[in-house]
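First comes the structure, then the notes that go with it.
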Amino acid sequence: MNIYFLAPAEDTRLALRVQTMREILERAGANVSYRVGKKRHLALSAEEQALSRESGLSMLDPMDGFVIESTHPDIEINYALAQAIIQRKPTLCLYEKARPPRDLLVLLKQKNVPDVIEVKAYTDATLENVILSFLPQIEAYTDIELPTIKFTLRITRKIERYLNWKGEKEKIAKADFLRNLLKALMEGDAGYQHHLKAKKE
Amino acid sequence: MKSFLPQKKFCWIYCGGADSIDFGEPLTSLVDQPLLNAWVDRSPELHMLGKITPRFFYSGRGSEMPSSVMTEAATFIAKHIDAYDGFVITHDLDRLIFHAALLTFMLGGTPKPIVFTCSPTLYLNAEEAAMTNIGDHTRAGSGLSGQLIESMQSTNIGFKEVVLFFHHRAIRATRAVYHRRGVHVLDTFRFPYLGDLEFGLAGEGKQFHPPTRLKFRPGFESRVAFSDTRWEEPQQFHTRMDAKQTQGLFLVGQENEALSSPWQGFVKQPELRRLPVAVFSSSSRTHPDLAPAFQVQHETLEVSLAKFFWILGQTENLKLIQQVMQGNVLGEKMSVRGSSNEAGWTEEQAGLSVDFREFLDIEL
């Protein structure tokens, strides 16, 4: 799960909380790319970065969801939210309970802003719960994600004949058949599911 | 800390460029001002970046767009330059670079960012399509909304000039070339990108033009006869050219010798001596012996042609026309390194891979 975490404001008062937010996401097993103040970190493999660059996609495109600390206004926040709206990305927009970003809240109340964008106030006590309760939305999004990773597989003629026969019989593309097969294997693999659960905890 | 973000004011000058799809709907229905207003009203993403006011100028293919639309757009910008923080112009991919250059010369400088963008329908081969997942525009943000958002955000990079912005990169309008690789359709010609939005705002401020006041000189001369001498013989050209109507000749020269002997003889005809004759050359060799014609080099073909149209609309002084065409007016000339015998740049780099024969029939 690739998450873009954005906290552009350089507010020393918020720094510790921002760090906590990132740690919560990482502990939950997310691969976190971030911009915190002026620091940037892109947690994508060189291959994923090259693919995005060559294909003309934004580096935000491979992200499965955005988490934004939006207490202080910043042009990067508005841009990320505009991208989230257009790409229908699950996005959690957080602000300190006592300091609502009123202008931003008005903009997010416009017609046609998709439901996938959630705005939540937090306190130190609620922060972890607010973030963790949002992550299932991102996971649901990754489940419906279209396959974008290219993978070359060499097969024998015998397997190819089988795939051709199966594809024709079930009226399904060979690649879809293989993807479905792997997905079913993954979901039924108790060991792997256990591993995922442990990682999350 | 800031407690609010000043809301920027943008003017969206619509000159087409909605060729692509957004949210699965073809946008060819944007054919008048009310439809444009309605589309903006139902696009919340645009309002995240500022207050955007759409202005309808033209809808349709760029190849059929009269260049006079650019004069109207330039006049509008000059009149309202103080009312907005930036202007975004959407335009079809066809003639985009030519028209962006024409507008640049007409404005003659700007204190505000002016960003051209486009949202073309791209026909990708199977490998490119698999790579880009281009069928899913809403995810890729490649549709008109995506390009508009990026163009508006690009104005925060800090440039105050006319740029082309496409797929995260800002390119100086007078240094742009068509360059097809995947979904990238524009590139910069021997000049750095002015900035990008690949992962947050980034820009190389030292490359920017300093902000200037407008030196608005609208208009251009459309009665220019154009020939690519690599493909056409002087006799063929003569039969289709109306010497009485023509106000200037623009010739694309041969690879290494600027003009072949038959063409050199042709431009010396008495009936043509009153005309400015620009010979565009992609070679870095100089040819001072072309008189009465003069050589134009170290810039792209489209920019050179736009500059010729523009300067002919400003003056009939042959000496001044030559000076402007050989001078660096708005950052269009590149610095030339190496000896004069250097082979120069490739046709693709110089924009010569584009078929400019369409300009033969252009109705401006």
Side-chain angles (χ1 to χ4, degrees), chain A residues 4 6 8-14 33-35 38 40-42 44 49 51-62 71-89 99 101-104 106-114 117 145-148 150 175, chain B residues 1-8 22-23 41-51 122 124 127-150 152-157 166-169 181-186 196-202:
Chain A
Y4 177 49
L6 177 64
E10 291 189 282
D11 182 349
T12 45
R13 199 178 50 78
L14 279 179
S33 296
Y34 61 84
R35 186 190 151 190
K38 282 186 180 145
R40 291 159 196 266
H41 172 68
L42 191 53
L44 295 175
Q49 288 186 40
L51 184 66
S52 281
R53 198 163 283 126
E54 289 301 307
S55 62
L57 300 180
S58 154
M59 288 300 165
L60 298 183
D61 192 73
T71 304
H72 298 297
D74 191 284
I75 45 169
E76 293 276 16
I77 293 175
N78 292 50
Y79 173 69
L81 285 168
Q83 288 289 352
I85 292 171
I86 199 171
Q87 298 184 36
R88 303 287 198 270
K89 292 250 189 214
R99 296 164 186 263
R102 294 188 195 285
D103 293 348
L104 198 62
V106 170
L107 286 172
L108 289 173
K109 277 183 185 151
Q110 292 177 87
K111 270 190 303 182
N112 301 328
V113 171
I117 295 173
E145 185 189 26
L146 290 166
T148 54
K150 224 165 118 183
Chain B
M1 296 300 302
K2 286 178 289 187
S3 61
F4 70 98
L5 198 62
Q7 202 186 30
K8 281 193 165 188
D22 266 31
F23 306 113
D41 284 347
R42 64 169 192 267
S43 303
E45 65 276 11
L46 300 179
H47 306 291
M48 298 303 300
L49 293 164
K51 181 173 165 47
L122 299 171
L124 305 179
E127 196 185 339
E128 288 171 331
M131 251 180 84
T132 59
N133 189 21
I134 194 71
D136 189 352
H137 276 263
T138 53
R139 264 200 94 230
S142 309
L144 185 66
S145 274
Q147 302 301 343
L148 275 171
I149 289 167
E150 294 224 322
M152 288 158 80
Q153 178 72 343
S154 78
T155 62
N156 293 311
I157 290 173
F166 189 63
H167 276 305
H168 331 301
R169 293 163 175 175
R181 197 174 67 191
V183 295
H184 294 288
V185 288
L186 299 167
D196 68 67
L197 295 182
E198 277 188 330
F199 189 56
L201 283 169

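As the structure is a prediction and not an experimental result, all values here were calculated from the model. Letters A, B, ... are given to chains in the order of the sequence lines, protein chains preceding strands, and every chain is numbered from 1.
Heavy-atom distances place the side chain of A/L104, and not its backbone, under 4.5 Å from chain B. Heavy-atom distances place no part of B/L46 under 4.5 Å from chain A, backbone and side chain included. Of the atoms belonging to A/E76, heavy atoms from both backbone and side chain fall under 4.5 Å from chain B.
The heavy-atom pair separating B/I149 from B/E45 by the smallest distance is CD1-CG, 3.5 Å.
Taking the six-membered ring for Trp and the full ring otherwise, the centers of A/Y4 and B/F199 sit less than 6.0 Å from each other.
Looking at residues two or more places apart in sequence or on another chain, you find no side-chain hydrogen bond (donor to acceptor under 3.5 Å, both in side chains) involving B/D196. With sequence neighbours left out, the side chain to side chain contact (heavy atoms under 4.5 Å, CB included) criterion links B/Q7 to B/K51.
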